[in-house]
Amino acid sequence: MTSQKVLLYLIIVLLSLGLICLLFPKDGLNIFGIQITMPTLEEIFSFSSSEYADVESVVSTCEQKPSVNPADSTQDSSVVSFEYDSVLRERFDSLFSRLDRAKAQEGVVRIVHYGDSQVEADRITGTIRKDLQKNFGGRGQGWISLFSRSTIRGVSFHYSPNWAFCCVLEPKRGFNRYGIGLSSIKALADSVSQTATVEMAFATKPAGNIVLYCASPETEGSVIISNGQDEISQVQIDASFDVQRIVISSDSFGKVLKLQATSGVELYGMNVSSNSGVLVDNISLRGSSGWGIRGSNASLLQHFYSELGVDMIIMQFGVNAIPQEKDKVIEDYTFYKKEFAKQLRFLQAMAPEALIVVVGVSDRSIRKSGKYVTNPNVLKLRQAQRQAALENGCVFWDLFEAMGGENSMPAWVLREEPLANKDFIHFNEKGAAMVAEMFLKSFYKEYKRYKDDCNMQKIR
C-alpha cells in the first residue's frame, strides 16, 4: 500500500470518527444496561487543563494554626463562618461560658462527634480534641465503644464467640439499647461457658480512670475485671434496666484490660476522661447517611446524654447518601432533608441543652470525559443538609465551601502532597487534620465574637 493510500485511509477514519462524535447523543446510549458514551469534538480538541479549585490558598491558611486568642489577627474572610439563626447566639454564648469555666478547672465540656467513615479511627476528631484540650484543659480519649464496625483508635479487641453485637446500623428485632456510642454488646451463655469475655489491648495506657457502663435487664449478673492476668474486681449487676457504673482505677492495669460478663449483661462502653476541661468523643458509623439514630432506646440515650453532660453534638454525614453509580443523579433530595431533620429533632429531644452542629457534605468527584468533576448530587445534598439544620434550630458548617468548593476534591487528591485518597471521596490523615483545623478556625472565630461581646459589656 502506498503512502498516499495510507494517508487517505487515515483521513477517512478520522472523518468517520469525527462524524460519529458529532452525531452521537451527548448523554450517551444505554444498550442492554451498558452505558456507552463518546467524547465531543470540543473535548477532543481541547488542550486546556482541568480547572480544579485552588486549594493552595486553603493549605496556606491552615498552616497558620487556629488560635483561641481573641487578640490574634486571623483574617475573617479566610474562615467559613457557622450559619445559624439569632436564637442560637445565646446557646453559643452559654457553651463558651462553660468552656471558660472548664479552663479554670470548674467543670467539663463534652462534645460528641458522630460521623461516617470520614471520621473513622479518630480522624478529624482527634485533632479537634487535641487542640481544644490544649486551650481549655482536659485529657482522655472520651467515649470508647466496646463494639464498632469502624476502627477505634488506640485499642484492639478480642471477643469470645458468645456475644451479641448490637448497633443502630444493624438493628436486631426487639433490641435497641445502645447508649451514646450507638452500639453495645450483650453476653450470651453457650455450651462452653456461662460467661462472655472481651479483652482490650491499648496502644498506650489510658489517661485516667475508666468508667464502664452496663446493665442486666433480664436477670442478676456480674462482671469480672482483670488486667489480663490478675483479677481486679468482681461486680454484681442488679436485675434492672437501670445503667450501672463501674469505676476501674488506672493504677490497677497497664495496657490490657479484660472483662468477663455473665449471660444477659449488656455492656454499653467506657468513658476515659478527666474531671475538668474538654472531652471530645469520636463515634464513627461507617456506611451511614446519618439515619438510624432514632432507632435508639430514647430513655437510655437520654440517660447517657444527661449522665455524661453532653454540651455539643457534631453530625458529619453525607457521602453515603450519594449513589455509587457515577451517572445516577437524584433530582430531589427532599426525602433526605425530611429524614435527616427527624434525626436532628430526636437528638434535640434527647439532649435539649446541647448545641447541634451539622457539618455539610464534602466534595466528591466523578470522572467525566477524562476530568474529575464534582458529583452533581453533592450540591443537592449539601442544600438539603443546610435546610434541615437551619429549619430545625441547628448550626450549619459548610465543609464543601471550606475545602475549596466545586471541583476541590481532585485538587486535594492530585497535589504533590495529597490530602485525600484516590477514591476521590475520603480525606487522608493529613487532609483530615486540615479539615479539623478549618473547623476549629470557624469555632474560634465564634468564640472570639463571644469574648469581644463580653469585653464590650465590661466597658459599658
Side-chain angles (χ1 to χ4, degrees), residues 50 52-66 78-80 82 111-132 148-154 280-290 314-322 324 326 357-367 372-375 377-379 381-382 385 396-443:
S50 301
Y52 298 143
D54 177 16
V55 299
E56 296 313 310
S57 59
V58 175
V59 173
S60 62
T61 299
C62 283
E63 286 174 349
Q64 303 171 7
K65 298 299 180 182
S78 67
V79 178
V80 174
F82 288 128
I111 299 172
V112 183
H113 190 180
Y114 292 117
D116 49 32
S117 53
Q118 291 283 35
V119 308
E120 184 172 355
D122 224 25
R123 295 162 66 251
I124 301 177
T125 312
T127 301
I128 293 174
R129 180 190 304 113
K130 182 178 180 180
D131 203 90
L132 288 174
S148 176
R149 294 299 183 195
S150 302
T151 302
I152 298 176
R153 181 184 72 88
V280 186
D281 306 315
N282 173 254
I283 299 172
S284 170
L285 301 172
R286 183 199 296 169
S288 172
S289 297
I314 303 173
M315 292 283 282
Q316 184 170 351
F317 297 93
V319 293
N320 296 301
I322 296 173
Q324 294 295 324
K326 71 171 188 176
V357 178
V358 173
V359 174
V361 65
S362 52
D363 190 28
R364 173 173 172 167
S365 304
I366 58 173
R367 190 171 177 86
Y372 291 98
V373 297
T374 293
N375 187 312
N377 292 287
V378 169
L379 300 177
L381 175 60
R382 169 193 181 213
Q385 291 178 319
F396 181 76
W397 185 67
D398 194 348
L399 174 53
F400 179 81
E401 181 183 351
M403 67 182 290
E406 194 162 358
N407 298 337
S408 56
M409 181 55 80
W412 283 58
V413 174
L414 301 174
R415 66 189 305 270
E416 186 174 348
E417 291 186 58
L419 300 171
N421 299 329
K422 290 187 177 179
D423 61 0
F424 291 82
I425 300 173
H426 295 93
F427 303 109
N428 60 21
E429 290 292 335
K430 185 174 181 179
M434 188 169 294
V435 170
E437 289 172 359
M438 292 189 294
F439 180 87
L440 285 165
K441 282 177 179 287
S442 301
F443 186 80

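The structure displayed is predicted, hence computed values, not measured ones. By convention here, the first residue in the shown sequence is residue 1.
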Full working for side-chain contact (heavy atoms from CB on, under 4.5 Å) between Ile111 and Asp281: CA-CA 6 Å; Ile111 299 172; Asp281 306 315; over 6 Å; no

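- Ion pairing between Asp116 and Arg286 fails under the 4.0 Å rule for side-chain N and carboxylate O.
- The pair Arg129-Asp122 counts as a salt bridge, with a side-chain nitrogen and a carboxylate oxygen less than 4.0 angstrom apart.
- Atom CD1 of Ile283 sits about 9.0 Å away from atom OG of Ser148, to the nearest 0.5 Å.
- Checked against a 6.0 Å centroid threshold, the rings of Phe424 and Tyr372 count as neighbours.
- Across all non-hydrogen atoms, the minimal contact from Ala321 to Ser289 is N-OG, 3.5 Å.
- With no hydrogens or angles considered, a side-chain donor-acceptor pair links Asp363 and Thr374 at under 3.5 Å.
- When the salt bridge (Lys or Arg N to Asp or Glu O under 4.0 Å) test is applied to Lys326, no partner is found at least two apart in sequence or on another chain.
- In terms of modelled atom types and a separation under 3.5 Å, the side chain of Asn282 and the main chain of Val119 share a donor-acceptor contact.
- A donor-acceptor contact under 3.5 angstrom links the side chains of Gln316 and His113, judged on distance only.
- Side-chain contact between Leu132 and Phe443 is present, with at least one heavy-atom pair separated by less than 4.5 Å.
- Thr127 and Glu437 form no side-chain donor-acceptor contact under 3.5 Å, judged by distance and modelled atom types alone.
- Remark: the Asn377 side chain and the Asn375 side chain contain an N/O donor-acceptor pair separated by less than 3.5 Å.
- Here the options are Gln118, Arg382, His426, the test is side-chain hydrogen bond (donor to acceptor under 3.5 Å, both in side chains), and the partner is Ser362; only Gln118 passes.
- A 4.5 Å side-chain heavy-atom check between Phe396 and Val357 finds every atom pair outside the cut-off.
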Ignoring hydrogens and angles, write down the donor-acceptor pairs under 3.5 Å from the side chains of residues 408-415, residues two or more places apart or on other chains.
from, atom 1, to, atom 2, distance (Å)
Ser408, OG, Gly405, O, 2.6
Trp412, NE1, Met403, O, 2.8
Arg415, NE, Glu56, OE2, 3.1
Arg415, NH1, Glu417, O, 2.6
Arg415, NH2, Glu56, OE1, 2.9

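- The shortest heavy-atom contact between Gly287 and Asn320 is C-ND2, 3.4 Å.
- Atom CG of Leu440 sits about 12.0 Å away from atom NZ of Lys130, to the nearest 0.5 Å.
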Trace of the side-chain contact (heavy atoms from CB on, under 4.5 Å) decision for Leu379 with Phe400: CA-CA 9 Å; Leu379 300 177; Phe400 179 81; 3.6 Å; yes

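- The minimum heavy-atom distance linking Arg364 with Val319 is given by the pair NH1-O, 2.7 Å.
- Put simply, the side chain of Ile314 does not reach to within 4.5 Å of the side chain of Val112, judged on heavy atoms.
- Between Phe82 and Ser442, some side-chain heavy-atom pair lies under the 4.5 Å cut-off.
- Under the 4.5 Å side-chain criterion, counting only non-hydrogen atoms from C-beta, Met438 is in contact with Trp397.
- Under the 3.5 Å distance criterion, the side-chain polar atoms of Asp423 are matched with a main-chain donor or acceptor of Ile425.
- Judged purely by atom type and a 3.5 angstrom limit, Gln385 has no side-chain atom pairing as donor or acceptor with the backbone of Gly360.
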